[in-house]
Amino acid sequence: FNMSGYKIIKYQKGYPGGKESAGVYQKIINEIRPNDLLIIGFLGNCAIARNVEHKSQIIGVEIDSAVIAAWNDMAWQWIEIIKGDFIEIASKIIAMQEPGIKISIYCDPPYMMESIRSKKEPYRYTMPAEWHERFLDQVVEINDTSEVDIMISHYPNELYEKKLIEWRVVEYSTNTRHGRVKELLFM
């Protein structure tokens, strides 16, 4: 596994972007269609994974060993954690599934620095703009060539809005360390 495109940053107490704010994870969960498999890319401290009804199999994909260790410490049987780069392995996970299985994907990638209010990078791992482009190209391809339902959270951002122009968008507000902000859920 090659992590060279990710920039490692000092870990901050708490985990940014976990969707913990009142009403946020509920709003996102309510948009997830019934499925047999829920794949969560960029798992982090994902409130979605921790609060969704566990009727289906859940696979979390995460690159950060500390985050994976925290999930593994919980010893929850309902989630399988895969260490790796979601961009590289999402299609492989989908290809391994039985035909006819209903798959949903939820991704909350590290937001592009130009979209966030913080002057310093809040994430332990960030993605350069080229990786965001690769990620968006990949999810658009998956969306166009399969029956997989895909949802992506991000702040308003020109690249995301351009690449996902034909996708349905739900807007919601959330509280951050820097005040109330608008987020978008692309579907």
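Counting from 1, the numbers follow the sequence of the chain as shown.
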J.: For residues 139-146, which side-chain donor-acceptor pairs fall under 3.5 Å, sequence neighbours excluded?
T.:
| from | atom 1 | to | atom 2 | distance (Å) |
| --- | --- | --- | --- | --- |
| T145 | OG1 | E141 | O | 2.7 |
| S146 | OG | I142 | O | 2.6 |
| S146 | OG | V148 | N | 3.3 |

J.: Can you name the closest pair of heavy atoms from H132 and P110 and give their distance?
T.: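 Result for this residue pair: CE1-O, 2.8 Å.
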
J.: Among all residues two or more places apart in sequence or in another chain, which pass the side chain to side chain contact (heavy atoms under 4.5 Å, CB included) test with S56?
T.: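 Testing S56 for side chain to side chain contact (heavy atoms under 4.5 Å, CB included), a comparison that skips the adjacent residues, returns N35, L38.
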
J.: Minimum heavy-atom separation for N51 and I29, please, with both atom names.
T.: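 For N51 versus I29, the nearest heavy atoms are C-CD1, 3.7 Å.
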
J.: Is there a path of hydrophobic side-chain contacts, each under 4.5 Å between heavy atoms of I/L/V/M/F/W/Y residues, joining I68 to M74?
T.: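 Same hydrophobic cluster.
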
J.: What's the spacing between N157 CG and L136 CG if we round to 0.5 Å?
T.: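 If we round to the nearest 0.5 Å, N157:CG and L136:CG are 8.5 Å apart.
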
J.: Quick one: which residue pairs count as a salt bridge (charged side-chain N to carboxylate O under 4.0 Å, His left out) with a foot in residues 146-156, not counting sequence neighbours?
T.: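 Qualifying pairs, neighbours excluded: R33-D149.
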
J.: Taking salt bridge (Lys or Arg N to Asp or Glu O under 4.0 Å) as the test, write out the residues that go with D36, two or more places apart.
T.: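 Testing D36 for salt bridge (Lys or Arg N to Asp or Glu O under 4.0 Å), a comparison that skips the adjacent residues, returns none.
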
J.: Please answer whether the main-chain N or O of M112 pairs with a side-chain N or O of H154 as donor and acceptor at a distance below 3.5 Å.
T.: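 Indeed, once roles are kept as given, a pair shorter than 3.5 Å links the two residues.
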
J.: Can you list the residues that meet the ring-ring contact (aromatic ring centres under 6.0 Å, His included) rule with F186, with sequence neighbours excluded?
T.: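 By the ring-ring contact (aromatic ring centres under 6.0 Å, His included) rule, F186 matches no residue at all.
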
J.: Go through the structure and list residues passing ring-ring contact (aromatic ring centres under 6.0 Å, His included) with Y106, not counting sequence neighbours.
T.: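 Testing Y106 for ring-ring contact (aromatic ring centres under 6.0 Å, His included), a comparison that skips the adjacent residues, returns none.
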
J.: Let me have the donor-acceptor pairs involving side chains of residues 163-172, under 3.5 Å, with sequence neighbours excluded, atom names and distances please.
T.:
| from | atom 1 | to | atom 2 | distance (Å) |
| --- | --- | --- | --- | --- |
| K163 | NZ | D137 | OD1 | 2.7 |
| R168 | NH2 | E31 | OE1 | 2.7 |
| Y172 | OH | S153 | OG | 3.4 |
| Y172 | OH | E183 | OE1 | 3.2 |

J.: Taking salt bridge (Lys or Arg N to Asp or Glu O under 4.0 Å) as the test, write out the residues that go with K55, two or more places apart.
T.: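 With sequence neighbours excluded, K55 shows a salt bridge (Lys or Arg N to Asp or Glu O under 4.0 Å) to E53, given in chain and number order.
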
J.: Report yes if some heavy atom in the side chain of N45 is under 4.5 Å from a heavy atom in the side chain of V67; otherwise report no.
T.: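 They are not in side-chain contact.
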
J.: Can Q57 and E80 be said to form a side-chain contact (heavy atoms from CB on, under 4.5 Å), step by step?
T.: CA-CA 8 Å; Q57 178 186 6; E80 176 185 351; 3.6 Å; yes

J.: In Å, rounded to the nearest 0.5 Å, how long is the span from NZ of K27 to OG1 of T174?
T.: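 The OG1 atom of T174 is 12.0 Å from NZ of K27, to the nearest 0.5 Å.
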
J.: State, with a plain yes or no, whether a side-chain heavy atom of M151 is found less than 4.5 Å away from one of S104.
T.: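 SC-SC contact between M151 and S104 ruled out.
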
J.: Enumerate the residue pairs fulfilling salt bridge (charged side-chain N to carboxylate O under 4.0 Å, His left out) with a member in residues 91-104, sequence neighbours excluded, ordered by first and then second residue.
T.: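 Pairs touching residues 91-104 that pass the test: none.
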
J.: Does any N or O in the side chain of Q138 come within less than 3.5 Å of the main-chain N or O of F135, such that one atom is a donor and the other an acceptor?
T.: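 Checked: no pair found.
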
J.: What pairs with A49 under side chain to side chain contact (heavy atoms under 4.5 Å, CB included), at least two apart in sequence or on another chain?
T.: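 Result, side chain to side chain contact (heavy atoms under 4.5 Å, CB included) vs A49: I40, L43, C46, W71, I79.
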
J.: Just wondering, do I39 and F86 contact through their side chains at under 4.5 Å, heavy atoms?
T.: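 F86 reaches I39 side chain to side chain.
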
J.: The criterion is salt bridge (Lys or Arg N to Asp or Glu O under 4.0 Å); which residues satisfy it with R134, sequence neighbours excluded?
T.: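 Salt bridge (Lys or Arg N to Asp or Glu O under 4.0 Å) list for R134, sorted by chain: empty.
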
J.: Nearest 0.5 Å, please: how far is CZ in F42 from CD1 in I152?
T.: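 One finds 8.5 Å between CD1 of I152 and CZ of F42.
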
J.: Under the 3.5 angstrom rule, does the side chain of Q97 hit a backbone N or O of I93 as a donor-acceptor pair?
T.: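 Such a contact is found between Q97 side chain and I93 backbone.
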
J.: For the CD1 atom of I32 and the CD1 atom of I105, what is their distance to the nearest 0.5 Å?
T.: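 Interatomic distance, I32 CD1 to I105 CD1, rounded to 0.5 Å: 11.5 Å.
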
J.: CG of D85 to CD1 of I63: how many Å apart, nearest 0.5 Å?
T.: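 D85 atom CG to I63 atom CD1 measures 5.5 Å (nearest 0.5 Å).
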
J.: Any chance you could measure I87, atom CD1, to W131, atom CH2, to the nearest 0.5 Å?
T.: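 Separation between the atoms: 6.0 Å.
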
